[in-house]
**Q** 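Have a look at this one.
Computed from a prediction, not measured in an experiment: that's the story for all the values here.
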Amino acid sequence: AGENPNPGNETAPDADADPEIEKNEENENIPESGSDSGLGAGETPPAEEPPSVPEKVVDYKVNQELFNHYTTTFGSHLAAAFVEIENTGNTPLYLHDGQFDVEDNNGHLLTTQTLVSTCPDVLRPGETGYFYSDYIDLSDVDDSNGLVFVPHYKVDEARHEIIDYEVSDLGIREDDMFKCKVSGRLTNTQDEEINLLYVYVIYYDSEGRVLGISGTNITDVQPGDTTSFELIGQFFYDGVTYSDIAEYKVIPRAWYMQF
């Protein structure tokens with residue numbers, strides 16, 4: 001035996017070698033069909049890991065609270081209030097069960113407002129919404145020891161689908177009684193009848209301050225149909241005028257409820 005004098009060519013087999021032994025040796029080196037060549041006899045390949053799913057984060061922050069009380073030109077002592085909630089998690093949130101208490105500086109309850117609205121009642125990640133009331137009657141409240149706003153509310157994970165609808169032909173105009181009116185058209189772009197939805201309008205001044213929130217409901221709109229709506233202005237400040245409204249935002253969202 002020695003080096004192959006013709007590199008690149010296989011050396012011819014030894015004439016004395018047993019061909020059956022060589023065949024068996026070759027078969028032992030060929031892995032079974034479908035097997036992992038890196039596994040030993042009787043071993044099974046490890047199970048594939050499922051794709052990673054991002055951890056669900058249910059979280060929010062309160063950006064601001066407003067409690068504005070004032071005396072109207074008719075002598076009524078009223079207040080308006082809101083709590084602004086931002087969804088900072090990665091899953092939708094359900095806003096519900098709002099209640100606004102008004103206490104004095106000693107923590108004594110003076111009055112409570114249980115008719116607290118939400119705008120909207122469900123938030124996608126990154127969206128901002130409100131618990132709000134533009135009418136809290138303080139006419140019979142003793143405010144000699146101060147007025148302290150104490151909001152209560154619940155924010156939970158939303159478990160159902162959020163549905164928005166298409167709006168068009170929007171317009172805003174001045175109104176002597178309500179400061180403004182907003183009108184538009186809504187189209188049912190879904191495959192099912194609209195049983196109940198809310199159209200919200202948020203009003204802002206030139207600095208982005210929330211001036212007020214209006215809402216109305218729409219019912220019984222068949223798939224593909226378009227209906228009209230109109231809302232009156234409702235504000236958190238007594239002295240708001242039409243010229244204070246720099247922009248407005250319309251949110252057409254299906255009514256949401258979970259138990």
Side-chain angles (χ1 to χ4, degrees), residues 60-87 93-105 107-123 127-143 145-156 158 175 177-182 196-205 208-218 229-241 244-245 248-253 255-257:
Y60 68 92
K61 67 177 181 179
V62 177
N63 287 334
Q64 60 174 318
E65 294 181 357
L66 169 77
F67 179 70
N68 178 45
H69 62 97
Y70 54 90
T71 301
T72 69
T73 55
F74 302 103
S76 299
H77 190 192
L78 303 176
F82 70 72
V83 178
E84 183 181 270
I85 303 290
E86 180 182 348
N87 184 349
L93 296 178
Y94 174 42
L95 281 54
H96 61 109
D97 290 352
Q99 179 174 317
F100 291 167
D101 291 349
V102 180
E103 302 175 354
D104 66 13
N105 289 326
H108 172 62
L109 179 64
L110 299 174
T111 189
T112 186
Q113 173 62 284
T114 58
L115 298 177
V116 174
S117 301
T118 53
C119 169
D121 46 18
V122 62
L123 301 176
E127 289 186 333
T128 298
Y130 300 86
F131 292 94
Y132 73 96
S133 174
D134 58 13
Y135 184 88
I136 302 174
D137 189 359
L138 302 176
S139 298
D140 58 353
V141 169
D142 179 9
D143 61 356
N145 194 26
L147 298 172
V148 180
F149 175 53
V150 183
H152 305 277
Y153 48 84
K154 294 180 181 179
V155 180
D156 295 320
D175 183 84
M177 179 176 294
F178 302 108
K179 308 295 193 301
C180 74
K181 289 184 178 181
V182 173
L196 177 62
L197 71 83
Y198 283 93
V199 177
Y200 305 93
V201 178
I202 306 175
Y203 307 92
Y204 305 90
D205 67 10
R209 181 180 62 152
V210 176
L211 298 176
I213 299 174
S214 298
T216 189
N217 61 69
I218 294 177
F229 63 87
E230 185 168 272
L231 299 87
I232 61 174
Q234 295 174 287
F235 300 95
F236 300 125
Y237 306 91
D238 186 45
V240 171
T241 65
D244 292 326
I245 305 171
Y248 63 99
K249 178 182 180 181
V250 178
I251 305 174
R253 186 157 292 180
W255 180 66
Y256 187 93
M257 177 62 68

**Q** Step by step, would you call Leu138 with Asp143 a side-chain contact (heavy atoms from CB on, under 4.5 Å)?
**A** CA-CA 9 Å; Leu138 302 176; Asp143 61 356; over 6 Å; no
**Q** Kindly say whether Gln234 contributes a backbone atom to a donor-acceptor pair with the side chain of Ser214 at under 3.5 angstrom?
**A** yes
**Q** For Ile251 and Pro120, work out which heavy atoms get closest and say how close.
**A** CD1-CD, 4.2 Å
**Q** With rounding to the nearest 0.5 Å, note down the distance linking CG in Leu93 to CG in Asp156.
**A** 8.5 Å
**Q** Which value, rounded to the nearest 0.5 Å, describes the distance between Phe100 atom CZ and Ile136 atom CD1?
**A** 6.5 Å
**Q** I'd like to check Trp255 versus Leu197 (side-chain heavy atoms, cut-off strictly below 4.5 Å). Are they in contact?
**A** no
**Q** Using 0.5 Å steps for rounding, measure from the CG atom of Leu95 to the CG atom of Asn87.
**A** 9.0 Å
**Q** Once rounded to the nearest 0.5 Å, what's the spacing between atom CG of Leu123 and atom OG1 of Thr118?
**A** 9.0 Å
**Q** Any side-chain heavy atom of His152 within less than 4.5 Å of one from Asp101?
**A** yes
**Q** Looking only at atom types and distance, does a side-chain atom of Gln99 sit under 3.5 Å from a main-chain N or O of Tyr153, one as donor and one as acceptor?
**A** no
**Q** With a 4.5 Å cut-off on side-chain heavy atoms, are Val102 and Val141 touching?
**A** no
**Q** Going from CG on Asn68 to CZ on Phe235, what distance comes out if it is rounded to the nearest 0.5 angstrom?
**A** 13.5 Å
**Q** So, taking the atom named SG in Cys119 and the one named CD in Glu84, what distance separates them when rounded to the nearest 0.5 Å?
**A** 10.5 Å
**Q** Could you walk me through whether Val210 and Phe236 satisfy the side-chain contact (heavy atoms from CB on, under 4.5 Å) test, starting with their C-alpha distance in whole Å, then the side-chain angles of each, then the deciding distance to 0.1 Å, before giving a yes or no?
**A** CA-CA 8 Å; Val210 176; Phe236 300 125; 3.9 Å; yes
**Q** Do Tyr60 and Glu86 pass the side-chain contact (heavy atoms from CB on, under 4.5 Å) test, and can you show the C-alpha distance, the side-chain angles, and the key distance before you say yes or no?
**A** CA-CA 5 Å; Tyr60 68 92; Glu86 180 182 348; over 6 Å; no
**Q** Looking at Asp244 and Leu211, what are the two nearest heavy atoms and their distance?
**A** O-CD1, 3.5 Å
**Q** What residues, two or more places apart in sequence or in another chain, satisfy salt bridge (Lys or Arg N to Asp or Glu O under 4.0 Å) together with Asp104?
**A** none
**Q** Check whether any side-chain heavy atom of Tyr204 lies under 4.5 Å from a side-chain heavy atom of Tyr248, and answer yes or no.
**A** no
**Q** Taking the side chain as C-beta and beyond, is there a heavy-atom pair between Leu66 and Gln64 under 4.5 Å?
**A** no
**Q** CE of Met257: more than 12 outside heavy atoms within 6.0 angstrom?
**A** yes
**Q** Contact between Tyr203 and Cys180 at the side-chain level, heavy atoms closer than 4.5 Å - yes or no?
**A** yes
**Q** For Tyr237, does the six-membered ring have the charged nitrogen or CZ of Arg209 within the cation-pi criterion, i.e. under 6.0 angstrom from the centroid and within 45° of the normal?
**A** yes
**Q** Determine whether Ile85 and Phe131 make a side-chain contact, defined as any pair of heavy atoms from C-beta on separated by less than 4.5 Å.
**A** yes
**Q** Any chance you could lay out the side-chain contact (heavy atoms from CB on, under 4.5 Å) test for Lys181 and Phe178, step after step, and finish with the verdict?
**A** CA-CA 7 Å; Lys181 289 184 178 181; Phe178 302 108; 4.2 Å; yes
**Q** Do the non-hydrogen side-chain atoms of Ile202 and Tyr130 ever get within less than 4.5 Å of each other?
**A** yes
**Q** For residues His96 and Asp121, is any side-chain donor paired with an opposing acceptor at under 3.5 Å?
**A** no
**Q** Would you list the atom pairs, donor with acceptor, under 3.5 Å between side chains in residues 72-83 and any protein atom, with sequence neighbours excluded?
**A**
{"from": "Thr72", "atom 1": "OG1", "to": "Phe74", "atom 2": "N", "distance (Å)": "3.2"}
{"from": "Thr72", "atom 1": "OG1", "to": "Gly75", "atom 2": "N", "distance (Å)": "3.4"}
{"from": "Thr72", "atom 1": "OG1", "to": "Ser76", "atom 2": "N", "distance (Å)": "3.1"}
{"from": "His77", "atom 1": "NE2", "to": "His69", "atom 2": "ND1", "distance (Å)": "3.3"}

**Q** Would you find a donor on one side and an acceptor on the other, under 3.5 Å apart, between the side chain of Arg253 and the backbone of Val122?
**A** yes
